[in-house]
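Worksheet for the structure shown next.
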Amino acid sequence: MARERTFVMVKPDGVQRGLVGEVVGRLERRGLKIVAMKMLWIDRDLAERHYQEHTGKPFFEPLISYITSGPVVAMVVEGDSAIKVVRSMLGKTDPKEASPGTIRGDFALFTGRNVVHGSDSPESAKREISLFFDEGEIFDYRRIDEEWLYED
Ligand code: IDP
Ligand code: MG
């Protein structure tokens, strides 16, 4: 069993469209555990740091405006293989290519308005979690259904 933590964010369009509960509900029902969560309005500095790998790309400026355009809901999500599982639940970056049943495949049409973010690797997860959360904001607890969710 590989317990992992990943960083998930409902982007400004997801918040404006009332999809916070939908996203959180899907993660919870899957058996993933929310171990930290907050609403914040990302400023330019944090946006540029979060998306540093995309610096200089043609979509960088629109991406920074998008992600700073309204409040977001940021989370740390824990579970077995959480990084891969969350990415598969989000669907492809371009929602037109995302399978129905995924969040982007069910709720979005445009890459630049794709509702959710999830870390793409253990290194990104670690980096992104520490950008948004202090250690004291992340909680270690057992969910009552873990006994039935986990095989061992
Ligand atoms: P990801 O969010 O699926 O990891 P990345 O390639 O890391 O996708 O891109 C980060 C975010 O930048 C995407 O979720 C999307 O909002 C935006 N983005 C990526 N590529 C484009 C593009 O070609 N046009 C507009 N926005 C883009
Ligand atoms: Mg990415």
Side-chain angles (χ1 to χ4, degrees), residues 1-139 149:
M1 186 163 82
R3 191 190 72 151
E4 289 177 342
R5 285 179 172 176
T6 188
F7 176 70
V8 181
M9 175 165 63
V10 183
K11 295 178 175 182
D13 52 333
V15 172
Q16 293 295 328
R17 293 176 56 210
L19 294 172
V20 174
E22 178 70 38
V23 172
V24 172
R26 285 179 180 223
L27 298 169
E28 286 185 319
R29 291 197 302 270
R30 185 71 188 265
L32 294 163
K33 181 161 63 179
I34 314 292
V35 294
M37 177 155 66
K38 64 180 160 194
M39 177 175 269
L40 75 159
W41 198 316
I42 298 179
D43 63 18
R44 192 176 173 97
D45 177 61
L46 179 57
E48 286 180 352
R49 288 199 285 153
H50 175 63
Y51 282 125
Q52 67 181 26
E53 65 179 294
H54 298 303
T55 310
K57 293 184 186 168
F59 62 85
F60 186 68
E61 275 304 321
L63 173 59
I64 298 303
S65 326
Y66 165 44
I67 213 67
T68 58
S69 64
V72 302
V73 172
M75 282 165 266
V76 180
V77 171
E78 187 180 286
D80 195 50
S81 304
I83 297 166
K84 188 178 88 178
V85 170
V86 166
R87 287 288 290 191
S88 73
M89 292 175 76
L90 304 191
K92 291 205 174 139
T93 305
D94 177 356
K96 291 187 183 71
E97 304 293 326
S99 304
T102 64
I103 294 168
R104 288 163 172 170
D106 287 346
F107 299 109
L109 284 169
F110 294 93
T111 305
R113 296 288 183 273
N114 60 1
V115 179
V116 275
H117 168 85
S119 310
D120 64 4
S121 66
E123 297 70 35
S124 311
K126 194 166 188 294
R127 191 182 72 80
E128 293 169 358
I129 289 168
S130 69
L131 268 181
F132 284 82
F133 291 95
D134 294 329
E135 262 310 312
E137 295 176 308
I138 305 172
F139 299 101
L149 186 62

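Owing to the predicted nature of the structure, the values given are computational and were not obtained by experimental measurement. In listed order, ligands and their atoms are each counted from 1. Quick note: residue numbers are just sequence positions, from 1.
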Pair Thr102-Ser99, side-chain donor/acceptor within less than 3.5 Å: no
Lys38 NZ: over 12 foreign heavy atoms closer than 6.0 Å: yes
Phe110 atom CZ, over 12 foreign heavy atoms within 6.0 Å: no
Pocket residues of ligand 1, ordered first by chain and then by residue number (heavy-atom cut-off under 4.0 Å): Lys11, Tyr51, His54, Phe59, Leu63, Tyr66, Arg87, Thr93, Arg104, Thr111, Gly112, Asn114
Asn114 side-chain N/O to Thr93 backbone N/O, donor-acceptor pair under 3.5 Å: yes
Presence of salt bridge, Glu78 and Arg30, under 4.0 angstrom: no
Salt bridge (Lys or Arg N to Asp or Glu O under 4.0 Å) pairs, two or more places apart, involving residues 91-110: Arg26-Asp106
